[in-house]
Amino acid sequence: MTEVTQGQWKGRFGSAMMRTLATPQLMLERGEGCRVWDVDGNEYLDFLAGIAVNSLGHAHPALVEAVSRQVGTLAHVSNYFSTRPQLELAERLRQITGAGEQGRVLFGNSGAEANEAAFKLARLNRGRSGRRTRVLALHNAFHGRTMGSLALTGKPPMREAFEPLPGGVEHIDSTIEALEAAIDDRVAALFVEPIKGEAGVLELPDGFLQRARELTEQHGALLILDEIQTGVGRTGRWFAYQHAGILPDAVTVAKGIAGGVPIGALVTFGRASELFTQGQHGSTFGGNPLATAAGNAVLAEIEGADLVGNAARRGEELRAIIRSFDHPLIGDVRGAGLLIGIGLTDGEAHRLSAAALAQGLIINAPNESSIRLAPPLIVGDAELAEFREKFGRALAAL
Ligand SMILES: *Cc1c(COP(=O)(O)O)cnc(C)c1O
């Protein structure tokens, strides 16, 4: 039975799906809480959550109820009309980001689209003289796969086949010294991923965000933070920049805000809210009532159940569990809250994630020397105990 099911879907996948994706190891059928089941009925503990997307885990009743109710009421209306869920989510985002009354929100459907909008915002910061032609971004940062967001992405192997990309972007090292050397009055914006998730959960040097805030302010450049992976509670604060005690000029959000319903948003602060004018950007689906109702349900649940606090506490516990293994393969433990990177002392990440999967545990290898964990923000004692057992068995099986 297993062979039959596996053989069938893998062949179909290889034939019908674009070759951009490697054939996945599993076909999943359903989920509940922090668990998913494959088509053969095997159960897995999900410590990836669709890459930091399923904030409330799978099939959370609050999300199921909100989406079901909204799709049965009004799913989509076009941007010729507004809806209650849309305005409610925009106001929530202004509030949790700290953008407040001067904040504005532009909705899209993905992280890449949120960054495309942010890139366009950066272009509008050229000023009357048109001097601001430079955009700075960081080596190794990931900002998306569309042409503009790819231009911002600091990973040459992803970019090369698609050049020429939108111009003016320069990538610098993630150090205060490199930033000080690069910035001047011709910089329109600095894009920063506060913790580089796709690069293996790499943190910035201490003081980087504070210095970036000072320098961008001094030179009139926008500080634009990509919180698509780190945002909405993931790191133990609503946003990672809140650990640094700064406010950006704009922040992009997506992954975790609607628990799996596609959405993205650009939130602007202060004078950056005045840059876009009527007709300069838009999206058919962006901000529709279905996606924004999902976002409201997820954010209300994160707030009501203090899942931001849970992410901070459970993140500490999870880090302690990982350190307790005292296994020669485990190097440093990185990240914040429930976005955790495990640096491996040897290039065994794909073997380790495959061994974990065989034990019924989903973890991720963003590269050969790192394991990434991004469990649902609802994890509790039972899930952490199960992780300890399954991860331990995976390490032992290597
Ligand atoms: C996932 C991600 C993106 C791209 O989001 P998509 O929804 O895949 O387009 C951009 N930036 C960061 C930091 C991400 O983690």
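Bear in mind the structure is a predicted one, so any value in this text is a computation, not a measurement. Just so you know, ligand 1 is whichever comes first in the structure, and atom 1 is the first atom listed for that ligand. The residues of the chain are indexed from 1 along the displayed sequence.
Residues His58 and Asp46 bring a donor and an acceptor atom of their side chains to less than 3.5 Å of each other.
The distance from ligand 1 to the heavy atoms of His143 drops below 4.0 Å at these ligand atoms: 10 (C), 11 (N). With ligand atoms numbered from 1 in the order given, ligand 1 contributes 10 (C), 11 (N) to contacts under 4.0 Å with heavy atoms of Asn115. Contact atoms of ligand 1 toward Asp226: 10 (C), 11 (N), 12 (C), 13 (C) (distance under 4.0 Å to a heavy atom of the residue). Within the listing of ligand 1, atoms 7 (O), 9 (O) sit less than 4.0 angstrom from a heavy atom of Ser110.
The distance criterion of under 3.5 Å between nitrogen or oxygen atoms is not met by Glu193 with respect to ligand 1. Residue Ala112 has at least one N or O atom closer than 3.5 Å to an N or O atom of ligand 1. Checked against a 3.5 angstrom limit, the closest N/O atoms of Gly111 and ligand 1 fall inside it. Between Phe142 and ligand 1, at least one pair of N/O atoms sits closer than 3.5 Å.
Panel note: side chain Arg159, backbone Thr153; a donor-acceptor pair is recorded below 3.5 Å. A donor-acceptor contact shorter than 3.5 Å is absent between the side chain of Arg372 and the backbone of Ile363.
Counting only non-hydrogen atoms, the option in Lys255, Arg145, Glu227 that gets closest to atom 14 (C) of ligand 1 is Lys255.
Below 30°, between 30° and 60°, or above 60°: for Phe191 and His143 the angle between ring planes is above 60°, a perpendicular geometry. Ring geometry for Phe13 against Trp9 counts as perpendicular: the plane angle is over 60°, on a 0 to 90° scale with 30° as the lower cut.
Within 6.0 Å of CD on Glu214 lie more than 12 heavy atoms contributed by other residues, nucleotides or ligands.
For atom 8 (O) of ligand 1, no protein non-hydrogen atom is found at a distance below 4.0 Å.
Taking the charged nitrogens against the carboxylate oxygens, Lys120 and Glu116 have no contact shorter than 4.0 Å, which rules out a salt bridge.
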